[in-house]
Amino acid sequence: MPDQDLRWLDELNPAQREAVTHGEGPLLIIAGAGTGKTRTLAYRVAHLISRGVPPDRILLLTFTRRAAEEMLSRAGAVVGKLGPVRERAWGGTFHSVANRLLRTYAGAVGLSPEFTVLDQADAENLIGLVRHDLGLASRDKRFPRRATCLGIYSRVVNGSEELPDVLARYFPWVAPWEEELRTLFRRYVERKQKLNVLDFDDLLLYWREMLAVPDLARRLSGLFDHILVDEYQDTNRVQAAILRGMRTGNSNVTAVGDDAQSIYSFRAATVRNILDFPRDFPGTRIVTLEENYRSTMPILATANALIAQAHERYTKNLWSRRPGGAKPLLVTCPDEGSQDAYVVERVLALYEEGIPLRRQAVLFRAAHHSASLEVELARRGIPFHKYGGLRFLETAHVKDALAFLRVVENPRDELAWFRVLGLFDGVGPATVSRALAHVAEGGYDPRAIATSPGPPAAREELARLGRLLSELGEGLPVAAQVERVRRFYEPYVERLYDYPQARIRDLESLEQIASGYRSRRSFLAELQLDPPSSTSDLAGPPHKDDDWLVLSTIHSAKGCEWDAVYVIHAADGFLPSDLAAGSPEELEEELRLTYVALTRAKDHLVVTWPVRYHYRRRELAGAHGYAQPSRFFTEEVRGTMDRVVAEGVRPSAEGAPREERTGYVDLATRIRARWDRA
DNA sequence: ACTAATGTCCTTTTT
DNA sequence: GGACATTAGT
């Protein structure tokens, strides 16, 4: 062993060292929150490389691409081969690795390598089209909406379950439609194949199916000497099957996870994967990391007290050598406005003490929970970046722009044609159908659109579109292609939207992003698979002086840590979400979600809840109700916290909500609302 | 053939 | 306040 290797090992505790230096064979690392999991994985990669494993024979599967990049660059820094490790090792999500493998092996499984990837919105639209074609939309009894249809489909696929079981268990109100759904799903699959598109679930499914072919399984499995999987508690059964299939040659697989942090069962993730790992991979060595390096002891005391309520639990309590620090605060706020004010004041106070904004984060259950706080931050001129919720790529104008590239890349992509042609006046579903048939007759040459039949008003536009698509097909750099699209599309943005300037700026950002990609194909696919998750990802390399407060859903905060964490809306109905309070299992997951939120904090933890909140639903607008604190903050948990009551905010005449000014409106509305509901 | 207006139901987390 | 179907209008 080289001397260097010994030196890094000194930086690890005994359990971490055992995991890092584990040799051949399966390894399961149970890593509690903040126990140095990232470091352990990164060092293990470094260790493998120092032992002579070529970087390109290591596969690191993570939850986000950013996580993979971070670990690989840390590994590179340790072994002093920064470039080679990051560029040569395979790293990314299951979905992005599937994409890469499928492009290469498409031929072997009868898939055409120029397939395009559908994101969730695309997939919903497509299943909606099929739903409509089957005449399921107009029935006296309401057929589930397209998002629900896709949800059911996805659950069946990812959970490897049977349709009747899925319906009975998760969608009981839809059970009468079983036969129609089965038909819908069959037609949806056929349609995807005809359009040469894969949805997210297909990426995993095709990968798994490839592994079911012995010869292919040997070839794929033979690509890697070691496979490491992070966040294993949040993988689903298809992913577990893939992992098994990828280890036919040897059993050098490392899985890392923490069942107390499993928060993706809505995506068919199952803790069974981590529990069954030793059975799936006989001879597994299990290493448990329990020493927390992140949080102060008072914060861990609160987190431990909270997770103690979990009925099923395998990991132990965390402990820390960081005894100092104040108890976490549980803050009762009169209403949402005072919650905003309280958080902003605390953030600024810590900022004054020297904690930059970016080392502080506000966490919440649902993306819209931060709406009023965002307004307050904007009003005060405090910069922030929000993670989770509606993303850049999901905005209509960006999807439109990408659709131009998609039709060139994959002229069978009906959804993309629909977006592009739908921009023209007088063009609807009927015209798109005919245009598509016309393009198909021309051997799927996208340029054929120029001569497609269409309403007279759109003739000239179709010809111009034909010229644009022809240019795009000429092998220009991707950024230049985006630029051509932007020039073509800008007039439509101005016509279609009220404030076109911001949207046009987004298109310029898109151009910027495109410059980082070698081909249109990789640009399109990777953008779908690893979308920029916040505005900061778009602005290019951040300036040194830039500082902003982080706003994030708890789900998107997974794996992150901050000096100060504020968990807002810790009221029943928000956390746990009342939509997830239906079954004990769902409730338990909400508890773990809360645990994840608390364990993100290093030095300061503040939990707030507003007593009074305003109804947002129209028929009740103006009325208010009273919240209860989150049921997870029991007496035992509160005992570990300092309790604070925040001051109310006197509403200024201008900024005050309507009902504050008019006093008794809420009562009248309530009385009306009672009858509205009947 | 397509669009605009109207009515009804649901409202989470993400690759 | 959005999604989605239906109906009336261009």
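Just so it is clear: chains get the letters A, B, ... in the order the sequence lines come, proteins before strands, and each one is counted from 1. Predicted model only: the values in this text are computed from it and were never measured.
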Once you round it to whole Å, what is the distance between [atom2] of [N] and [atom1] of [X]?
X	N	atom1	atom2	value
Ile263(A)	dT15(B)	CD1	C1'	13 Å
Asn158(A)	dT14(B)	CG	P	16 Å
Phe171(A)	dC10(B)	CZ	P	15 Å
Asn125(A)	dA3(C)	CG	C1'	11 Å
Glu585(A)	dT12(B)	CD	P	21 Å
Lys558(A)	dT15(B)	NZ	P	10 Å
His569(A)	dT13(B)	NE2	P	13 Å
Leu363(A)	dT12(B)	CG	P	19 Å

Discussion item. Between Glu180(A) and Arg131(A), does any NZ, NE, NH1 or NH2 come within less than 4.0 Å of an OD or OE carboxylate oxygen?
Written reply: no

Fill in: By salt bridge (charged side-chain N to carboxylate O under 4.0 Å, His left out) - contacts of Asp122(A) (at least two apart)
Lys399(A), Arg406(A)

Worksheet item: What pairs with Phe418(A) under side-chain contact (heavy atoms from CB on, under 4.5 Å), at least two apart in sequence or on another chain?
Response: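 So Phe418(A) forms a side-chain contact (heavy atoms from CB on, under 4.5 Å) with Pro429(A), Val432(A).
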
Would you tell me whether [X] and [Y] have side-chain atoms, one donor and one acceptor, within less than 3.5 Å of each other?
X	Y	answer
Asp199(A)	Tyr188(A)	yes
Asn125(A)	Arg146(A)	yes
Gln528(A)	Glu526(A)	no

Worksheet item: So what does Gln528(A) hit on the nucleic acid, given a heavy-atom distance under 4.0 Å: a base, only sugar-phosphate, or nothing?
Response: nothing

Discussion item. For a quick check of understanding: with a heavy-atom distance under 4.0 Å over all strands, which category does Thr431(A) fall into, base, sugar-phosphate or nothing?
Written reply: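 Counting heavy atoms under 4.0 Å across all strands, the contact made by Thr431(A) is with sugar-phosphate only.
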
Fill in: Toward the 5' end of DNA chain B, by each residue's nearest nucleotide, Ala580(A) or Leu529(A)
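It is Ala580(A) whose nearest nucleotide is closer to the 5' end.
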
Discussion item. By nearest heavy atom, map Ser577(A) and Gly422(A) onto DNA chain B; which one lands nearer the 5' end?
Written reply: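 Upstream on the strand: Gly422(A).
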
To the side chain of [X], which of [options] is closest?
X	options	value
Thr553(A)	dC4(C), dT15(B), dT13(B)	dT13(B)
Thr93(A)	dT15(B), dA5(C), dT13(B)	dT15(B)
Arg131(A)	dC4(C), dT14(B), dT12(B)	dC4(C)
Ala430(A)	dT12(B), dC2(B), dA5(C)	dC2(B)
His95(A)	dA1(B), dT15(B), dT12(B)	dT15(B)
Arg145(A)	dC10(B), dT12(B), dT15(B)	dC10(B)

Worksheet entry | Near-parallel close stack of Tyr264(A) and dT13(B) base (under 5.5 Å, under 30°) |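 By the stated criterion, Tyr264(A) and dT13(B) do not stack.
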
Fill in: Arg146(A) side-chain N/O to dC4(C) phosphate OP1/OP2 under 4.0 Å
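The answer is yes; a side-chain N or O of Arg146(A) sits under 4.0 Å from OP1 or OP2.
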
Worksheet item: Would you say dT14(B) has OP1 or OP2 under 4.0 Å from some side-chain N or O of Ser556(A)?
Response: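 Ser556(A) to dT14(B) OP1/OP2: side-chain N or O found under 4.0 Å.
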
